[in-house]
Amino acid sequence: MDRPLRFGVNMVTPAGGGEWCARCERAEELGFDVINVPDHLGMPAPFPALVAAAAATRRPRLGTFVLNAAFWNPVLLAREIATTAALTEGRLEIGLGTGYVREEHERAGIEFLPPGRRVDRLRRTVEEVTGLLAGEEYRPPLLIGGNGDRVLRLAAEHADIAAFAGVRQQDGVFTLCSPAELDERVAAYHRFAAGRAAPAELNLLLQIVQVTDDRAGAVKELMPYVPQLTEAQVLELPVVAVGTVEEIADQLLGQRERYGFTYFTVLDPAMEAFGPVVAEVRERERRAREGGGR
């Protein structure tokens, strides 16, 4: 059987202690495997939020999705990781990326470097932090997120999990990747990773999730944002999960077959709606293990 699917929720919405813990508990009840926290200004600070999530839950792993390398001194970051990994008793996963929001860098007083230099900084951070954590009892799995060749090459060299946003950026403009474009990006990663002894886990962030019986109606709301596409083309976008629970489950299992994705992440506003999809996929996997088919 193929690798079982994992599901993560990225907790982008700030909350006080009681509400935060209740939401993390709910994520666990819904069957999510990973509770993630991003690294954007105006959103929860990753490490204290993850320690609180660990205290409120028992099963889910806890991840940064993803840290902006520009915000962190590698030596101090290694200390944060080691402490959080110990406090969460080995449930931590560390995601790292280049950072892409110019305004956040400016607010933090950090120079927003050109793309190539941001990748250079990410590489230095990955290599330094990996070295500093080499002797730690809890050494968390490393996720590297991005779509460009140099980031994919870095992920092929160092990451346990390679994360694809399904979005491409050019001159500050973000566009959702078509199926063919994502095929090409995944193929590029595999070329870079050809010499690996063991394959990495592949992750996809689902940008738009809507459980509905009216797919056409839901897509009409999206059309102003993608005027160059038809409704059918929008429904084919890998990061758009719109339809019934069964249709979205079909989509995710199909993406495991086509691209090799076995770890899907949603944003927390979609957490409750996505819970039944998690349950549907789990039931299908159980039946497949027992030889009962779909």
Side-chain angles (χ1 to χ4, degrees), residues 1-10 30-34 36 63 65-66 93 95 143-148 151-152 155-156 159-168 174-193 199-212 215 218-219 222 226 229-267 270-271 273-289 293-294:
M1 181 178 176
D2 292 330
R3 179 184 290 188
L5 297 188
R6 287 205 304 163
F7 299 98
V9 55
N10 211 21
L30 289 169
F32 284 92
D33 302 287
V34 190
N36 287 305
F65 197 89
V66 295
E93 299 183 1
L143 175 151
I144 294 178
N147 282 338
V151 175
L152 292 177
D160 303 288
I161 307 160
F164 295 77
V167 176
R168 52 187 171 83
F174 293 89
T175 305
L176 302 182
C177 290
S178 70
E181 289 168 331
L182 194 54
D183 277 332
E184 189 277 328
R185 290 292 79 204
V186 172
Y189 168 79
H190 284 302
R191 287 196 303 273
F192 299 140
E201 185 175 32
L202 301 187
N203 168 273
L204 182 66
L205 172 61
L206 299 173
Q207 304 281 349
I208 298 168
V209 175
Q210 188 170 346
V211 177
T212 176
R215 298 183 84 205
V219 167
L222 304 176
V226 284
L229 301 180
T230 66
E231 290 183 14
Q233 288 172 326
V234 172
L235 287 171
E236 291 177 350
L237 293 172
V239 298
V240 173
V242 173
T244 65
V245 166
E246 293 76 14
E247 287 170 332
I248 295 174
D250 287 341
Q251 174 183 333
L252 301 184
L253 292 168
Q255 288 179 340
R256 176 171 65 182
E257 181 70 23
R258 176 170 180 169
Y259 305 104
F261 294 125
T262 57
Y263 174 15
F264 293 92
T265 304
V266 301
L267 303 178
M271 179 178 80
F274 197 74
V277 177
V278 175
E280 174 70 15
V281 171
R282 293 278 184 260
E283 176 61 18
R284 293 192 193 185
E285 290 185 321
R286 182 193 65 78
R287 291 200 296 266
R289 286 195 301 271
R294 179 173 172 178

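Note: hydrogens, waters and symmetry copies are ignored here, and every other heavy atom, side chains too, is used. The residues of the chain are indexed from 1 along the displayed sequence.
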Using 30° and 60° as the class limits, which term best fits the ring planes of Tyr259 and Phe261: parallel, tilted or perpendicular?
tilted
Under 3.5 Å, is there a donor-acceptor pair between the side chain of Glu201 and the main chain of Leu143?
no
Closest non-hydrogen atom pair, Leu204 against Ala165:
CD1-C, 4.4 Å
With Phe32 via ring-ring contact (aromatic ring centres under 6.0 Å, His included) - residues at least two apart:
none
Salt-bridge criterion met for Glu283 and Arg287 (N-O under 4.0 Å):
yes
Among Val239, Leu267, Val167, the one residue meeting side-chain contact (heavy atoms from CB on, under 4.5 Å) with Leu205
Leu267
Audit row: Val34, Phe65, side chain to side chain contact (heavy atoms under 4.5 Å, CB included) steps and yes/no
CA-CA 10 Å; Val34 190; Phe65 197 89; over 6 Å; no
Would you call Val9 and Phe7 a side-chain contact if the rule is heavy atoms closer than 4.5 Å?
no
Near-ring test Phe264/Phe274, centroid separation under 6.0 angstrom
no
Between Leu206 and Leu252, does the side chain to side chain contact (heavy atoms under 4.5 Å, CB included) criterion hold? Intermediate values first, please.
CA-CA 10 Å; Leu206 299 173; Leu252 301 184; 4.0 Å; yes
Judged by atom type as modelled, is there a donor-acceptor pair below 3.5 Å linking the side chain of Arg3 to the main-chain atoms of Arg256?
no
Find the distance between CG (Leu237) and OG (Ser178) and round it off to the nearest 0.5 Å.
7.5 Å
Side-chain contact test, heavy atoms from C-beta onward, threshold under 4.5 Å: evaluate it for Glu280 versus Asp250 and give yes or no.
no
Passes salt bridge (Lys or Arg N to Asp or Glu O under 4.0 Å), Glu181 versus Arg185? Steps please.
CA-CA 6 Å; Glu181 289 168 331; Arg185 290 292 79 204; over 6 Å; no
Qualifying residues under side chain to side chain donor-acceptor pair (under 3.5 Å), relative to Glu231, sequence neighbours excluded:
none
Side-chain donor or acceptor of Arg215 paired with backbone N/O of Thr244 under 3.5 Å:
no
Closest non-hydrogen atoms of Ala273 and Val211, given as atom of the first, atom of the second and distance, are O-CG2, 3.4 Å
Walk me through it: do Leu5 and Leu253 pass the test side chain to side chain contact (heavy atoms under 4.5 Å, CB included)?
CA-CA 8 Å; Leu5 297 188; Leu253 292 168; 4.0 Å; yes
Which atom pair, heavy atoms only, marks the closest approach of Ala200 to Ala159?
CB-O, 3.8 Å
Atom pair CD/CZ of Gln251 and Arg258 - distance to nearest 0.5 Å:
11.0 Å
Candidate list Ile161, Ile144, Thr262, test side-chain contact (heavy atoms from CB on, under 4.5 Å), partner Asn203, passing option:
Ile161
Mind listing the closest non-hydrogen atom pair of Tyr189 and Phe164 along with its distance?
CB-CZ, 3.9 Å
Show the numbers, then the answer: is there a side chain to side chain contact (heavy atoms under 4.5 Å, CB included) between His190 and Leu202?
CA-CA 11 Å; His190 284 302; Leu202 301 187; 3.9 Å; yes
Evaluate the salt bridge (Lys or Arg N to Asp or Glu O under 4.0 Å) criterion for residues Arg168 and Glu184: first the C-alpha distance (whole Å), next the side-chain angles of each, then the deciding distance (0.1 Å), finally the verdict.
CA-CA 12 Å; Arg168 52 187 171 83; Glu184 189 277 328; over 6 Å; no
Distance-minimising heavy-atom pair for Ile248 and Gly243:
CD1-O, 3.7 Å
Here the pair of heavy atoms bringing Gly166 nearest to Asn147 is N-ND2, 3.7 Å
Asn36 side chain to Gly8 backbone, donor-acceptor under 3.5 Å:
no
Gln255 side chain near Pro238 side chain, heavy-atom distance below 4.5 Å:
yes
Phe192: partners by ring-ring contact (aromatic ring centres under 6.0 Å, His included), with sequence neighbours left out:
none
